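Taking it in order: structure first as structure tokens, then the write-up.
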Amino acid sequence: MSLVVQKFGGTSVGDPERLRAVADHVARTRRRGDQVVVVVSAMGKETDELIRLAEQTSSTLPGREMDMLLSAGERKAMALLCMALHDLGVPADSFTGSQAGIITDTFHTRARILEVKGDRLRECLAAGKVPVVAGFQGVSTGNDITTLGRGGSDTTAVALAAALGADACEKYSDVPGVFTADPRVVPDAKRLAQVSFEEMLEIAATGSGVVAFRAVEFARNHGVPIHVRSSFSWEPGTWVREEDPSMEQPIISAVTHDTSEAKVTVVRVPDKPGIAARLFRSLADENVNLDMIVQNVSQDGTTDISFTVPKADLEVAVGVCRSHAAEISAADVLTDDAIAKVSVVGAGMKTHPGVSAEMFETLADRGINIEMISTSPIRITCVVRAEQVEEAVQALHQTFRLGD
Ligand code: ASP
Ligand code: MG
């Protein structure tokens with residue numbers, strides 16, 4: 001008998017019919033002889049709707065009350081799912097994040113999990129019942145309800161799997177796995193049978209929303225295998241787990257892309273110690289989420305510094321740069337929101353030289369200009385014009401033969 005945590009996303013619990021289908025899925029898993037802990041997201045687009053409601057009501061959006069409001073979405077889903085399970089004769093009890101003993105820090109709307117107690121879930125399992133837990137929420141060390149940031153139900157599921165010693169965390173959604181590229185852009189993209197935690201972290205960080213980045217981080221740190229699969233079938237999906245050292249790693253596993261960022265360039269700042277420190281300290285103090293940072297070779301003692309940020313942070317980032325322009329003697333601050341990132345990710349690139357050359361040649365052959373480059377040991381990312389990014393993804397998918 002194994003213990004699995006099954007996490008169902010918003011579309012999987014989107015309406016009463018879907019909720020009954022999820023209940024049926026859980027009932028079948030139990031009949032197979034496994035113990036199940038269920039984690040649910042809010043139904044459909046409920047979290048977006050709650051945020052909209054708050055924005056229509058308030059201009060200050062106090063964090064404590066936002067969390068109280070947003071946590072209601074998952075509460076609704078868990079109670080309804082338990083009802084559907086009862087109808088099938090499956091004993092099940094719902095638990096809020098707080099009842100499940102998910103203890104977080106005190107940062108409202110983006111709290112981090114500090115500890116998972118899980119006592120009530122263990123008791124529930126021992127009594128032969130299915131605990132159904134509200135994702136995305138916890139209770140702070142100050143005893144207030146908190147939420148974990150958008151997409152946080154994945155983190156809840158992985159954290160529970162780690163705390164309860166589950167054999168796996170199954171993530172069900174309308175996406176049947178992790179693909180070699182976004183199938184909407186590359187029709188012959190293939191589902192990957194397996195990816196390593198390290199690759200999945202890079203894939204999640206560079207554009208694929210299939211598993212939330214923090215959940216993958218948590219899974220890697222605690223060695224929890226994640227099975228990403230479709231809630232509409234029993235087909236196997238993608239296993240995200242420790243890399244198997246006895247197997248040769250694929251040079252490239254996936255091509256990802258991201259159109260959600262914009263570029264800021266601080267023009268002609270003096271090339272001397274302290275300039276970048278001052279600028280980036282101020283950006284950090286404003287909680288701007290920086291991604292790529294590039295500083296050019298200096299000419300005549302000045303240099304340009306460019307970085308990318310989520311479009312949502314652009315206004316704040318530009319404000320910070322403009323307010324420092326005089327102090328750091330910058331000539332200008334430019335922005336560009338028509339950029340996109342395209343990345344190739346693969347653990348095998350560590351031992352295979354020449355991947356960057358192949359990537360750059362592929363883009364050059366298509367007349368696609370590279371504006372910025374950044375790398376990690378298992379990833380190469382290029383910033384290109386947004387209008388060319390789909391062509392770039394298709395071309396790279398072909399170059400690295402990911403559709404074969
Ligand atoms: N309902 C939350 C959101 O939409 C959490 C989640 O679905 O993971 O962000
Ligand atoms: Mg959601």
Side-chain angles (χ1 to χ4, degrees), residues 3-13 22 26 35-43 46-47 50 66-82 92-105 107-122 124-125 130-141 144-173 200 204 209-228 231 240:
L3 171 64
V4 290
V5 173
Q6 296 190 327
K7 185 256 165 177
F8 295 91
T11 35
S12 309
V13 296
V22 167
V26 173
Q35 278 188 311
V36 191
V37 174
V38 179
V39 173
V40 287
S41 284
M43 295 170 68
E46 173 119 43
T47 307
L50 291 171
M66 280 304 281
D67 281 348
M68 203 54 109
L69 178 72
L70 297 188
S71 63
E74 271 72 11
R75 260 178 111 121
K76 207 163 124 181
M78 72 179 185
L80 290 168
L81 179 59
C82 280
D93 285 341
S94 62
F95 296 92
T96 62
S98 167
Q99 287 176 312
I102 297 173
I103 315 297
T104 73
D105 62 22
F107 291 97
H108 284 294
T109 73
R110 55 192 166 89
R112 297 186 81 94
I113 295 176
L114 301 176
E115 189 192 348
V116 177
K117 296 211 161 88
D119 300 332
R120 295 195 63 184
L121 308 184
R122 282 188 204 93
C124 183
L125 285 168
V130 176
V132 178
V133 183
F136 171 61
Q137 54 176 268
V139 62
S140 75
T141 46
D144 282 319
I145 299 299
T146 47
T147 61
L148 308 177
R150 297 308 304 270
S153 297
D154 286 359
T155 312
T156 304
V158 172
L160 289 180
L164 300 172
D167 298 278
C169 175
E170 298 184 333
K171 179 197 152 103
Y172 292 90
S173 74
M200 194 62 222
V210 66
V211 187
F213 182 84
R214 271 173 62 188
V216 185
E217 226 180 1
F218 208 105
R220 179 199 52 188
N221 294 347
H222 295 85
V224 176
I226 306 177
H227 189 183
V228 182
S231 52
V240 183

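For clarity, every value in this text was computed on a predicted model and none was experimentally measured.
Judged as a side chain to side chain contact (heavy atoms under 4.5 Å, CB included), and not counting sequence neighbours, the contacts of Val210 are Val175, Val178, Met200, Ser208, Val228. Not a single salt bridge (charged side-chain N to carboxylate O under 4.0 Å, His left out) links Arg75 to another residue, sequence neighbours left out. Under the side chain to side chain contact (heavy atoms under 4.5 Å, CB included) criterion, Ala166 pairs with Leu3, Val5, Ala161, sequence neighbours left out. By the side chain to side chain contact (heavy atoms under 4.5 Å, CB included) test, Ala72 is found to be paired with no residue, residues two or more places apart in sequence or in another chain being considered. Every side-chain hydrogen bond (donor to acceptor under 3.5 Å, both in side chains) that Ser231 has, sequence neighbours left out, goes to Ser12.
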Solution key, residues 112-119 side-chain donor-acceptor pairs under 3.5 Å, sequence neighbours excluded:
unit_1: Asp119; atom_1: OD1; unit_2: Arg122; atom_2: NH1; d: 3.2

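Residues Glu46 and Lys76 form a side-chain contact, since some pair of their non-hydrogen atoms from C-beta on lies under 4.5 Å apart. Under the 4.5 Å side-chain criterion, counting only non-hydrogen atoms from C-beta, Leu160 is not in contact with Val158. Side chains of Cys169 and Val4 form no contact here, defined as non-hydrogen atoms less than 4.5 Å apart.
At a threshold of 4.0 Å, the pair Lys7-Glu170 does not count as salt-bridged, since none of the basic side-chain nitrogens sits closer than that to a carboxylate oxygen.
How far OG1 of Thr11 is from CE of Met43: 11.5 Å, rounded to the nearest 0.5 Å. Rounded to the nearest 0.5 Å, atoms CZ (Arg150) and CZ (Phe136) are 6.0 Å apart. The CG atom of Leu148 lies 10.5 Å from the OG1 atom of Thr109; values are rounded to the nearest 0.5 Å. A distance of 10.5 Å separates CZ in Phe8 from OG in Ser173, rounded to the nearest 0.5 Å.
Each of Thr104, Thr147, Val139 was checked for a side chain to side chain contact (heavy atoms under 4.5 Å, CB included) with Asp67, and the lone residue meeting it is Thr147.
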task = Determine, step by step, whether Thr141 and Asp105 satisfy the side chain to side chain contact (heavy atoms under 4.5 Å, CB included) criterion, reporting the C-alpha distance in whole Å, the side-chain angles of both residues, the deciding distance to 0.1 Å, and the verdict.
result = CA-CA 6 Å; Thr141 46; Asp105 62 22; 5.6 Å; no
inquiry  = Run Met78 and Val133 through side chain to side chain contact (heavy atoms under 4.5 Å, CB included) and show every step you take.
reply    = CA-CA 6 Å; Met78 72 179 185; Val133 183; over 6 Å; no
message = Pair Ile145, Ser98 - check side chain to side chain contact (heavy atoms under 4.5 Å, CB included), show working.
response = CA-CA 7 Å; Ile145 299 299; Ser98 167; 4.1 Å; yes
task = Test Gln6 against Val37 for side chain to side chain contact (heavy atoms under 4.5 Å, CB included), laying out the working first.
result = CA-CA 6 Å; Gln6 296 190 327; Val37 174; over 6 Å; no
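Side chain of Asp154 to main chain of Ala212: a donor-acceptor pair is present (N/O by atom type, distance under 3.5 Å, no hydrogens or angles). For Glu74 (side chain) and Ser71 (main-chain N/O), no donor-acceptor pair under 3.5 Å exists by modelled atom type. Looking at Thr146, its side chain never comes within 3.5 Å of a backbone N or O of Ala111 through a donor-acceptor pair.
The two atoms that bring Ser94 and Cys82 nearest to each other are N-SG, 3.4 Å, heavy atoms only. For the pair Phe218 and Ala159, the tightest heavy-atom approach, listed with the atom from each and the gap, is CE2-CA, 3.6 Å. When all heavy atoms of Leu121 and Leu164 are compared, the closest pair comes out as CD1-CD1, 4.3 Å. Val40 and Ser153 make their closest contact through O-OG, 3.9 Å (heavy atoms, listed as atom of the first residue, atom of the second, distance). Closest approach of Ala219 and Ile226 over heavy atoms only: CB-CD1, 3.7 Å. Listed here is the closest heavy atom pair of Leu50 and Gly73: CD1-N, 3.9 Å.
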